[in-house]
2 protein chains.
Amino acid sequence: MGVRITLRSVAEAAGVSTAAVSYAFNRPDRLSSEMRSRILAVARELGYSGPDAAARSLRTGRANAIGVIFTTGLTYAFSDPYVLALLGGLAETLAHSRTSLVLIPFAPVVAGLSDAEVRESLDAVHRAVIDGAVADGLTDDHPAVRALSDRSLPLVRSSDTAAGRCVMIDDRQAGREIGRHLADLGHHEVAVVVSSPSEPGCAVTPADEATLYPYSRHRLAGIREALPAGARVRVVSGGNNADATGRLAATALLAAPDRPTAIAADSDVLAAAVVEVATVQGLRVGHDVSVTGFDDVPLAASTGLTTVRQPIHEKGRLMARMLLDPDNTPNRVTLPTELVVRSSTGPVPNR
Amino acid sequence: MGVRITLRSVAEAAGVSTAAVSYAFNRPDRLSSEMRSRILAVARELGYSGPDAAARSLRTGRANAIGVIFTTGLTYAFSDPYVLALLGGLAETLAHSRTSLVLIPFAPVVAGLSDAEVRESLDAVHRAVIDGAVADGLTDDHPAVRALSDRSLPLVRSSDTAAGRCVMIDDRQAGREIGRHLADLGHHEVAVVVSSPSEPGCAVTPADEATLYPYSRHRLAGIREALPAGARVRVVSGGNNADATGRLAATALLAAPDRPTAIAADSDVLAAAVVEVATVQGLRVGHDVSVTGFDDVPLAASTGLTTVRQPIHEKGRLMARMLLDPDNTPNRVTLPTELVVRSSTGPVPNR
DNA sequence: CCCTCTGTGTTAATCGTTTAACATCGTGCA
DNA sequence: TGCACGATGTTAAACGATTAACACAGAGGG
């Protein structure tokens, strides 16, 4: 009962070499069909269910799995429509090549990580049996990214990176489009809500800005570029991009005596939270205050959110293809974005 | 460049045994700190990033990962709130023990699977490097379940099963509660919408019923039991549980000349689709037609859906714990459910 | 009749680690 | 002085498979 059945035990029981057994499972054409079925019969009889996955991975060097790093906490991730769309895209491509998706949790960054936490998380990254990985939205110097490239695993990223593969969008350009749109409407008091580990609602100092997600930085830069010279841009933390933290940020922002006339959020989820809070406070979104989102997930359409559409699903599909078939895919791709104007933005109110 | 750095190369470069290098990475206390840091220095210098994952898995017999089987297509799965809640629960527990989640795609059953598809899917199951797996909603004789138990991997299921671990709900009892609720309201023309591979909207024959998901069967049985003797229950396919297929089923159902007065759906997603279609057709849900869902996902509250709440997140947490720590967890758990009455159900209209 | 070729099966090296068991060497204690 | 012991390294045997390279036999061709 306790003894494990291996390729060898089957071979001995059948009176053949281990090679034969291996071929019986992997290369039917290498064996006479008579021999093959005899071996399979013996295997079944012994309760052998095929070659061990780990051993096979070691020997062949292939894992038939690709990893995805999550730095936000998996539980949160499953509620983020952006993440879900990306995973959906990845999965779509992977399903066609019997490849699994390995979700690797990395300690979420909340006010800095203890060394121990980082070490534990890295351990998960090191132990993952995968052929490649996607790291979406992580900086070059994130420990997980480092660990992955140290393992010299194929890695695909979503931000521009010196070496290595990536599929990205032009965040800066997208930011400029948002900025121009708001500028055209006459806004010069705008708040940008970014996802950040710091307390939701609190201001993000220029020093902090360097620590933001790259995409946040680029979008922010774009917005600033497109706004007229006199415009004032304040940056506040939207927490971890969730509905709850978005509401906190919105509440802080709308309570300010000099409340902004426009609020540009880093994601649709955040923007929808802002809309919700504003509405509850009796503000007419698109009149009294304008709100923009990012991504154009389904939520955006139903909320009437002005946002920037990015082809998330396509991004996922492409990332997966790059990992599965590196020779027939480009190293770097920039996907198009598009400003989608809906009812959540309007001309600046005259007070 | 092409040559791979291994534990051995590091050992040779450092002039120590491979055991020492292994200890340097795994058991700091086994080495003098001086030796350890020397080894780590050499490793860094050589660009060695730690023991190989596959080799380590083979040797230790642990993968630090658990699998989840998806028979619905991963892309769909990421849009199903039930699945997401379950994954969230699993992830929550796993995050504490640096364990990854492996999402294993299995060919979705659409009008029967070809042998080749099954074989390919099984291959993914066999190749997954995992310590255990959860199979939610699959029958005992599903090929994936068989493959997993053949591998003699710890397996946790969501339906009652002779041997093996499971965390379930009393689907039959839940069905009875729905049935009783509808009966109390005077309904005897009820349609049950189940997720099924067959064409959305078409009738499910008694013969087909045997092929339904176990949970569907049990809920159906419960509903039938609780309805009065004269009641008529028709069963229709809701497709794969998605919004779109739910709408199709609803359209077919509401167009029928003898349209049911109550529609009990297998999931909130399906029920919400029914509500949507009914509303569009000018029917007042809760008056002209009653609709019930299942699960009580967030969507249900915002739709005003009468439904049965089940603790999905808790289910996930429990399943993960059962896999991680079998010795300190029960083999079988039944979680409580609760009928949540909202506005989507009401007394049968008098025509 | 010899030679090549195809179809089947075997031999044996290798993938990169982990870890029980053993060796060695001060050290503290009786 | 003698001895048990903790601390620190090493030896070497697995873990369970894959796959070149080789061997052999019968078929077919010249």
Side-chain angles (χ1 to χ4, degrees), chain A residues 2-40 42-43 46-64 123 126-131 151-153, chain B residues 2-40 42-43 46-64 123 126-131 151-153:
Chain A
V3 60
R4 185 109 171 257
I5 321 268
T6 71
L7 203 58
R8 164 130 63 209
S9 20
V10 175
E12 281 167 5
V16 299
S17 69
T18 62
V21 181
S22 177
Y23 288 142
F25 280 94
N26 301 315
R27 307 252 299 257
D29 50 321
R30 243 350 221 98
L31 252 39
S32 69
S33 65
E34 179 202 353
M35 164 118 271
R36 175 170 138 91
S37 49
R38 205 184 82 215
I39 292 177
L40 292 182
V42 173
L46 261 55
Y48 179 71
S49 62
D52 175 82
R56 198 199 280 242
S57 278
L58 170 59
R59 182 60 240 224
T60 63
R62 285 192 45 64
N64 288 289
D123 204 48
H126 277 124
R127 291 190 126 96
V129 181
I130 50 180
D131 299 317
R151 279 183 66 178
S152 63
L153 279 176
Chain B
V3 60
R4 183 108 173 261
I5 320 269
T6 71
L7 202 61
R8 165 130 64 209
S9 21
V10 175
E12 280 166 4
V16 298
S17 69
T18 61
V21 181
S22 177
Y23 287 142
F25 279 94
N26 300 315
R27 307 254 296 260
D29 49 321
R30 218 38 192 79
L31 253 38
S32 69
S33 66
E34 180 202 353
M35 163 119 271
R36 174 169 138 90
S37 50
R38 205 182 83 215
I39 292 178
L40 291 182
V42 173
L46 260 54
Y48 179 72
S49 62
D52 175 82
R56 200 201 280 244
S57 278
L58 170 58
R59 182 58 239 221
T60 63
R62 286 193 44 67
N64 289 288
D123 203 48
H126 278 125
R127 291 190 126 96
V129 182
I130 50 180
D131 298 317
R151 279 183 65 178
S152 63
L153 279 175

Distance-minimising heavy-atom pair for B/A63 and B/S57: CA-OG, 3.7 Å
Atom CZ of A/R8 and atom P of C/dT10 are separated, to the nearest Å, by 15 Å
With a 4.0 Å cutoff (strictly under), does any side-chain N or O of A/S22 reach OP1 or OP2 of D/dT18? yes
To the nearest Å, give me how far apart CZ (A/R56) and P (D/dT19) are. 10 Å
How many whole angstroms separate atom CZ of B/R27 from atom P of C/dT17? 17 Å
Interatomic distance, CZ@A/R62 vs CZ@B/R127, rounded to 0.5 Å, equals 8.0 Å
Sugar-phosphate, base or nothing in reach of B/Y48, heavy atoms under 4.0 Å: sugar-phosphate
Classify B/L31 by what it touches in the nucleic acid, base, sugar-phosphate, or nothing, heavy-atom distance under 4.0 Å. sugar-phosphate
If you fit an axis to the five pairs at each end of the helix from C/dC1-D/dG30 to C/dA30-D/dT1, how big is the angle between those two axes, to 10 degrees? 40°
Between B/R151 and B/H126 (side chain of the first, backbone of the second, donor and acceptor by atom type, cut-off under 3.5 Å), is there such a pair? yes
Provide, to the nearest angstrom, the distance between the CG atom belonging to A/D131 and the P atom belonging to C/dC15. 18 Å
Does either side chain, that of B/R56 or that of B/N26, offer a donor lying less than 3.5 Å from an acceptor on the other one? yes
Here the distance between atom C1' of D/dG16 and atom CZ of B/R62, to the nearest Å, is 18 Å
Using a 4.0 Å heavy-atom cut-off to protein, can you give one letter per nucleotide of nucleotides 21-27 of chain D, 5' to 3': B if the base is in contact, S if only the sugar-phosphate is, - if neither? B------
Of all the heavy-atom pairs spanning B/D131 and B/G61, show the shortest one and how long it is. OD1-O, 4.0 Å
Taking CG from A/N64 and P from D/dT18, how many angstroms apart are they, rounded to a whole number? 12 Å
To the nearest 0.5 Å, atom CG of B/L40 lies from atom CZ of B/F25 at 5.5 Å
Polar pair under 3.5 Å, donor/acceptor by atom type, side chain B/R59, base C/dT19: no
Scan B/S32 against the nucleic acid and name what it touches under 4.0 Å (heavy atoms): base, sugar-phosphate only, or nothing. sugar-phosphate
Both B/A20 and B/A55 contact DNA chain C. Which one's nearest nucleotide lies toward the 5' end? B/A55
Please work out if B/L58 contacts a base, only the sugar-phosphate, or nothing of the nucleic acid, heavy-atom cut-off 4.0 Å. base
Mind calculating the distance between CE (B/M35) and C1' (D/dT10) to the nearest angstrom? 11 Å
Counting side-chain heavy atoms from C-beta on, which of D/dT10, C/dG16, C/dT18 comes nearest to B/D52? C/dG16
Spacing of A/S17 atom OG and A/I39 atom CD1 [to the nearest 0.5 Å]: 7.5 Å
Least distance between heavy atoms, B/R4 atom then B/D52 atom: NH2-OD1, 2.8 Å
B/S9 side chain to B/I5 main-chain N or O, any donor-acceptor pair under 3.5 Å? no
Please name the pair of heavy atoms, one in A/V42 and one in A/A14, separated by the smallest distance, quoted to 0.1 Å. CG2-CB, 3.9 Å
Earlier contact from the 5' end, DNA chain D, for A/T60 and B/T18: B/T18
Choose from D/dG16, D/dT19, D/dA17 the nucleotide whose nearest atom is closest to any side-chain atom of A/R4. D/dG16
Remember a base hit wins even if backbone is also touched, and classify A/S17 as base, sugar-phosphate or nothing at under 4.0 Å, heavy atoms. base
When rounded to whole Å, the CD to P distance for the pair A/E34 and C/dG9 reads 8 Å
